[in-house]
4 protein chains.
Amino acid sequence: MASNNPTSPDSTRRSERSRRAIYDAALALVVEIGYPKTTIEGIAARAGVGKQTIYRWWGSKADVLLEAFLDLSEQAARAVPREREEGAGREGREEQEGREGQESQGIPDTGDLAADLRLVLRATVDELRDPRFEAPSRALAAEGLVNEELGRRFVATLLEPQLQLYVDRLRSAQEAGQVRPDVDPRIALELFVSPLAQRWLQYTGPITHAYTDTLVDYALNGLAPR
Amino acid sequence: MASNNPTSPDSTRRSERSRRAIYDAALALVVEIGYPKTTIEGIAARAGVGKQTIYRWWGSKADVLLEAFLDLSEQAARAVPREREEGAGREGREEQEGREGQESQGIPDTGDLAADLRLVLRATVDELRDPRFEAPSRALAAEGLVNEELGRRFVATLLEPQLQLYVDRLRSAQEAGQVRPDVDPRIALELFVSPLAQRWLQYTGPITHAYTDTLVDYALNGLAPR
Amino acid sequence: MASNNPTSPDSTRRSERSRRAIYDAALALVVEIGYPKTTIEGIAARAGVGKQTIYRWWGSKADVLLEAFLDLSEQAARAVPREREEGAGREGREEQEGREGQESQGIPDTGDLAADLRLVLRATVDELRDPRFEAPSRALAAEGLVNEELGRRFVATLLEPQLQLYVDRLRSAQEAGQVRPDVDPRIALELFVSPLAQRWLQYTGPITHAYTDTLVDYALNGLAPR
Amino acid sequence: MASNNPTSPDSTRRSERSRRAIYDAALALVVEIGYPKTTIEGIAARAGVGKQTIYRWWGSKADVLLEAFLDLSEQAARAVPREREEGAGREGREEQEGREGQESQGIPDTGDLAADLRLVLRATVDELRDPRFEAPSRALAAEGLVNEELGRRFVATLLEPQLQLYVDRLRSAQEAGQVRPDVDPRIALELFVSPLAQRWLQYTGPITHAYTDTLVDYALNGLAPR
DNA sequence: GAGTAAGCGAGACGGTACGTCGTGTCTTATC
DNA sequence: GATAAGACACGACGTACCGTCTCGCTTACTC
């Protein structure tokens, strides 16, 4: 994603140790001092790494953070299946899978669309409060607003895969007759996802379980009286 | 909003000329070279103003831009009523008022909620493409994501007043029986406003009149079959 | 000294109060924080005076300080005669007049040139240690090194009048046959005055009564054996 | 002399090129526009160097100038012996060595103290008129008056070595019976050096060969009649 | 198993912008 | 009309990072 320039460095000789240290430093700094005060020099110093090692492999601090956050997400995702296996057979299964990494695990399909959405959105609300997750995503989102190239990459690699899970679930609901057949799932999901995203990103309102429940209700049943 | 610090400067002595020049320079630079490359030194130089004059009255470049954009919006709003009077009596009235400053003018109330919303959202779509408007709002939104204090000010002074117009229109529709009486208008409006906002800000999808029409349909009638 | 510009201000309306306050502030600041950190703004603030009042009457902070110091010297000189009258008739007369302001009072003439010079130089040594005197003179001397116009004014108004006293005393000694008749007193005085000045100004050596006594000896009797 | 701060930079990596360019720029600016108008930014710009490169290695513009001038003196001193060899055997030898760098070359010892001193002081008078030499020394002297630390460094590194040459010559004269055995050479030299220094630095009188000849006469033979 | 070339840590470098301070000019209101 | 107050355009301050560069050092891969 960031290499393969003309005279690109030889990635087979790349130091795994440094890469990990850079990821860790970048994420930690964004959490601790915020994105604007996080500098490449600061990341290098904290990672115990030369600046050039960063410039060799990435093009900007946003690039570094995007990869670092991607890596964090993958780690988290890889961690969940194990939990799921370990926890198999016991009560509260959905609760469990909701809490962390539900995104890449798919949305539960109990046959009751409204219930499934409420569950997933409640889990998302909880997740949005984890600063280890919040600080970097806000930072990347902010950078993306003003830097279209990065913004599109952020959406493509992080956001869209999540949204696809909603598309799948909605399509399944459509087959089950719970959603109008003429509805485009990619648009439909925005009715509940975007309001939550906006409230979170722009502080336009409080984020609670009640709120997301309401969103699901309004979106499924419509604002107009039946 | 930005003065009244301890030992604050005497605002009666303030140079109106400089303030205007700073607003103009800030907006122009954000449009021309982008927010990150816009610097306080650059604004000062372009405005023909000393740096200290900026630091005396504002705390950061985001502060400057927020006020400048606010001022721009007010100017635009003040310009519309005149246009409306001049254009009174002719066809395409709504088109006209939709194009610019429809926000502060209130949402039309023809009795047909769906039609009114479609109209307003189409006008918004058009407006979002004006770079004089787009560049500063993206910049402020981006800054607000990562700087909560500014984010809240951005929302309170720029966003919320716009949203209130939707609240009013939805309440009127409720009274007319076109919206479920148990619906909270402040949440309801997010069903169509937030998706549009997200697509625009985060490049998560194309923005067209067809898209906003669809949003209105889904939101009013719901995703579930009737 | 610094006024009478083209459109010079009307000095009859000048505020005596402000002038005194400016002198006091300038001298105090030079003593307390040093000449380089003394600023016109600082002087104005401390004197409770507008900056323009300083710029109206003086051309630079060196100008202010020069006048302030001149004023201080005159005050000191005016104070001594009174002391002398009060102390008339008692022993230790020379001691007394040596301590302060001996400069403008003339050099004692007891008939013994060597003794008189030793006395006066010892008194000067003592005076050089008073910080109220040292700080401003160093400052003015320093400024004068690098600003010829001010340097010459400094010499003409402050230094040369002092040196003239030595010229007078040496001439008197010449008449008494204690100094070679072919000697130019204006040059001769430099043999003991300049070494002391240089040691003081440039920290090239310690300044003691023994040192000045030695200077007088070497200067009068010569370095070569008799 | 100016490095070895806490967390000092690695002087082995220092750019010789930049150092030379900074010396040249500093000296040139002091000559061209004067010391007070010489700024660190100006030096950096003229040297084609980042400001930080100056701040990394020096603490102030006076520091820079002191080192630059020291370097210039050493260069000059290194240049003279070659000239002397080249010029060996021809007339006007002393004239030659007097003109430049006589200081570090030692004072001639022809056996005639008066003649040797007259020669050296005349050469010094000539040298004091070279603006490449005058501007920086005045500047450093001025700074030293008001900044004791720098003043002492100026004296120790530049002035005192010169004075030591006089001490040596006077001691030799003492051994030859041309100077009173009880005379302290370090003080004695001030009788002719300090007057010249003061006239030069403070514009207290004209500087000519006749003047320095007179100083030598007065100092050696004394003011009192024999 | 020696030679070589790349990545690496470190950090100096030429720059740009920061936010602050002081300059000298100007304007306003007060006396 | 001089004054206290202080806003203003300007320019330098000393600092922080930028992105590039050069220096040994270590670590593979090649011969």
Side-chain angles (χ1 to χ4, degrees), chain A residues 7 9-19 21 37-45 47-57 59-61, chain B residues 7 9-15 17-18 21 37-45 47-57 59-61, chain C residues 9-15 17-18 21 36-45 47-57 59-61, chain D residues 7-15 17-19 21 37-45 47-57 59-61:
Chain A
T7 56
D10 177 351
S11 43
T12 66
R13 310 192 63 156
R14 182 167 184 182
S15 161
E16 183 61 14
R17 205 170 173 287
S18 296
R19 203 185 62 194
K37 290 194 176 171
T38 297
T39 66
I40 294 209
E41 289 206 335
I43 295 170
V49 136
K51 278 201 289 179
Q52 194 66 301
T53 299
I54 297 185
Y55 284 109
R56 188 161 18 238
W57 302 108
S60 66
K61 74 168 169 172
Chain B
T7 66
D10 176 351
S11 42
T12 68
R13 290 233 185 295
R14 183 166 185 183
S15 162
R17 204 171 173 287
S18 297
K37 290 195 176 172
T38 297
T39 66
I40 293 208
E41 288 207 334
I43 295 170
V49 138
K51 276 200 288 180
Q52 199 55 52
T53 299
I54 297 185
Y55 285 109
R56 183 155 31 233
W57 302 108
S60 65
K61 74 169 169 173
Chain C
D10 177 350
S11 44
T12 66
R13 311 194 60 155
R14 183 167 183 183
S15 162
R17 203 170 175 289
S18 295
K37 290 194 177 173
T38 297
T39 66
I40 295 209
E41 289 206 335
I43 296 170
V49 135
K51 276 200 292 180
Q52 198 55 44
T53 300
I54 297 184
Y55 284 110
R56 186 160 21 238
W57 301 108
S60 65
K61 74 169 171 173
Chain D
T7 65
S8 70
D10 177 351
S11 43
T12 67
R13 289 232 185 296
R14 184 166 184 182
S15 162
R17 205 172 175 287
S18 297
R19 203 185 60 192
K37 289 194 178 173
T38 297
T39 65
I40 293 208
E41 287 206 337
I43 295 171
V49 137
K51 277 200 287 180
Q52 199 56 49
T53 299
I54 298 185
Y55 284 110
R56 185 158 25 236
W57 302 109
S60 65
K61 75 168 168 173

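Every chain is numbered from 1, with letters handed out A, B, ... down the list of sequences.
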Value in whole Å for how far the P atom of F:dT15 lies from CD1 of B:Ile40:
21 Å
Considering residues at least two apart in sequence or located in another chain, which fulfil the side-chain hydrogen bond (donor to acceptor under 3.5 Å, both in side chains) criterion with D:Thr39?
none
Nearest nucleotide by nearest heavy atom, which residue falls closer to the 5' end of DNA chain E, D:Thr53 or C:Ser60?
D:Thr53
Taking all heavy atoms of D:Ala21 and all of D:Ala47, pick out the closest pair and write down the distance.
O-CB, 3.5 Å
Determine the contact category for A:Gly48: base if any of its heavy atoms lies under 4.0 Å from a base atom, sugar-phosphate if only primed atoms, P, OP1 or OP2 are that close, otherwise nothing.
sugar-phosphate
Taking only side-chain nitrogens and oxygens of A:Ser18, does any of them come within less than 4.0 Å of OP1 or OP2 of E:dG9?
yes
Proximity to the side chain of B:Lys51 - top-ranked nucleotide from F:dC18, F:dG14, E:dG19:
E:dG19
Compare all side-chain heavy atoms of C:Ile54 with those of C:Lys51 and state whether any distance is below 4.5 angstrom.
no
B:Trp57 side chain, from C-beta outward: closest of F:dA7, E:dC8, E:dG14
F:dA7
Side chains of A:Trp57 and A:Ser11 in contact at under 4.5 Å (non-hydrogen atoms):
yes
Straight-line distance of B:Ser18 OG to B:Arg56 CZ, nearest 0.5 Å:
9.0 Å
Here the distance between atom P of F:dG14 and atom CD1 of D:Ile43, to the nearest Å, is 11 Å
Using the test side-chain hydrogen bond (donor to acceptor under 3.5 Å, both in side chains), find all partners of B:Gln52 that sit at least two apart in sequence or belong to another chain.
none
Judged by each residue's nearest nucleotide on DNA chain F, which is more toward the 5′ side, D:Lys61 or C:Ser15?
C:Ser15
Could you check which of F:dA7, F:dA4, E:dA17 has an atom nearest any side-chain atom of C:Val49?
F:dA4
Expressed in angstrom and rounded to an integer, what is the separation of C:Ile54 atom CD1 from E:dT25 atom C1'?
15 Å
Between B:Lys37 and D:Arg17, just flag the one whose closest nucleotide in DNA chain E comes earlier from the 5' side.
D:Arg17
Of all heavy-atom pairs linking B:Thr38 and B:Lys61, the shortest is O-NZ, 2.9 Å
Taking atom types as they are modelled, would you say the side chain of B:Gln52 forms a donor-acceptor pair with the base of F:dC10 within the 3.5 Å cutoff?
no
At less than 4.0 Å, is any side-chain N or O atom of B:Arg56 found next to OP1 or OP2 of F:dC8? Yes or no.
yes
A:Tyr55 or C:Glu41: which one's nearest nucleotide on DNA chain F is closer to the 5' end?
C:Glu41
What nucleotide, of E:dA6, F:dA4, E:dC18, holds the atom closest to the side chain of A:Asp10?
E:dA6
Show each protein N/O and nucleotides 28-31 of chain E N/O combination with a separation under 3.5 Å, one pair to a line.
residue : atom : partner : partner atom : Å
E:dT28  : O4'  : B:Arg13 : NH1          : 3.4
E:dT28  : O2   : B:Arg13 : NH2          : 2.9

